[in-house]
Chemist: 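Starting off with a structure, shown below.
Since we're looking at a predicted model, the values are computed, not measured.
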Amino acid sequence: MPEAAAGERFDELAEKLGAELAALGQPARLVKGGKTYTFVAMAQPAGVGRHGGADYSVIGEIPKARYTYYGPFAGGGEQLEAKDVLWIGGRRFYVEAVADYYMGRTPIYRTGALILTYPDREKEAATE
C-alpha cells in the first residue's frame, strides 16, 4: 500500500476513534504544569478488591476501585502520564500507568490503568 494511502487510513481511523470516545466518554480534566487540559475520555471498571489489588490496614483489606482508561492522543490526552491525577465525569482518579496504541507509526489513542481515589461526588465537588 502506498504511504499516502496508509496515512489517510490512519487519519480516518483516528477520527473514528475520536468520534466513538466523544459519543461514549465523559468530560475529562487534567491539570498539569499550570495548564488545564479538557477532553473526552472513558473510565471502565476493571475489577475491585482482590482482582484489582488491595491495601491492608489494621481492620483488614481496603479494596481499590480499578478502572481502564481510554482516551485521545490529542487535545490534552497526550499529556497524561503515570502518577497524574485525572478527573473523568466528576470522579478523581490516580493514573497508575499509560500506554499508547499505534497504527503504523501514528499514535491513535491512549489507554491506561486508573485507581478511583475519591468516589464520593459531593465531597469531590467541594475539593475542586
Side-chain angles (χ1 to χ4, degrees):
M1 172 184 306
E3 232 174 89
E8 288 174 16
R9 287 190 60 215
F10 296 154
D11 292 343
E12 183 180 324
L13 180 58
E15 188 176 314
K16 285 180 182 179
L17 286 170
E20 291 296 325
L21 282 172
L24 301 173
Q26 295 180 313
R29 181 170 46 103
L30 172 66
V31 178
K32 187 172 189 168
K35 294 182 180 179
T36 300
Y37 301 95
T38 56
F39 48 94
V40 176
M42 294 183 348
Q44 298 296 311
V48 178
R50 293 192 188 281
H51 298 289
D55 286 333
Y56 295 88
S57 74
V58 294
I59 59 170
E61 183 178 314
I62 302 169
K64 292 180 182 177
R66 294 176 151 291
Y67 288 75
T68 301
Y69 167 82
Y70 299 96
F73 193 83
E78 74 282 4
Q79 301 296 322
L80 189 67
E81 298 176 309
K83 299 183 182 177
D84 284 341
V85 172
L86 177 67
W87 292 82
I88 300 176
R91 296 177 295 169
R92 189 174 90 182
F93 295 92
Y94 171 78
V95 180
E96 206 170 32
V98 295
D100 298 329
Y101 277 77
Y102 287 81
M103 186 167 197
R105 294 184 180 159
T106 304
I108 56 173
Y109 74 96
R110 181 165 274 186
T111 187
L114 306 175
I115 298 172
L116 183 62
T117 61
Y118 214 109
D120 187 331
R121 290 177 187 236
E122 290 177 24
K123 289 180 184 177
E124 286 176 29
T127 62
E128 285 189 58

Chemist: Less than 6.0 angstrom separating the ring centers of Y101 and Y109, yes or no?
Modeler: yes
Chemist: Do you know the tightest heavy-atom contact between G76 and Y37?
Modeler: CA-CD2, 3.7 Å
Chemist: Report yes if some heavy atom in the side chain of Q44 is under 4.5 Å from a heavy atom in the side chain of Y69; otherwise report no.
Modeler: no
Chemist: Out of curiosity, L116 CG to Y67 OH, how far, rounded to the nearest 0.5 Å?
Modeler: 5.0 Å
Chemist: Do E96 and L114 come within less than 4.5 Å of each other through their side chains, counting heavy atoms only?
Modeler: no
Chemist: Are Q26 and V40 side-chain neighbours, meaning at least one heavy-atom pair lies under 4.5 Å?
Modeler: no
Chemist: Would you name the heavy atoms of R110 and E78 that are closest together and state the gap between them?
Modeler: NH1-O, 2.8 Å
Chemist: Would you say that T111 contacts V98 through its side chain, given a criterion of any heavy-atom pair below 4.5 Å between the two side chains?
Modeler: no
Chemist: Of the options I115, I88, T117, which is the one that meets F93 in a side chain to side chain contact (heavy atoms under 4.5 Å, CB included)?
Modeler: I88
Chemist: Which pair of non-hydrogen atoms, one from A28 and one from A41, has the smallest distance, and what is that distance?
Modeler: CB-CB, 4.0 Å
Chemist: Please tell me if the side chains of T36 and L30 come closer than 4.5 Å, counting only heavy atoms from C-beta onward.
Modeler: no
Chemist: Indicate whether the side chain of R29 and that of T38 have a donor and an acceptor atom separated by less than 3.5 Å.
Modeler: no
Chemist: Taking K32 first and then E81, would you say they form a salt bridge - that is, a charged N and a carboxylate O separated by under 4.0 Å?
Modeler: yes
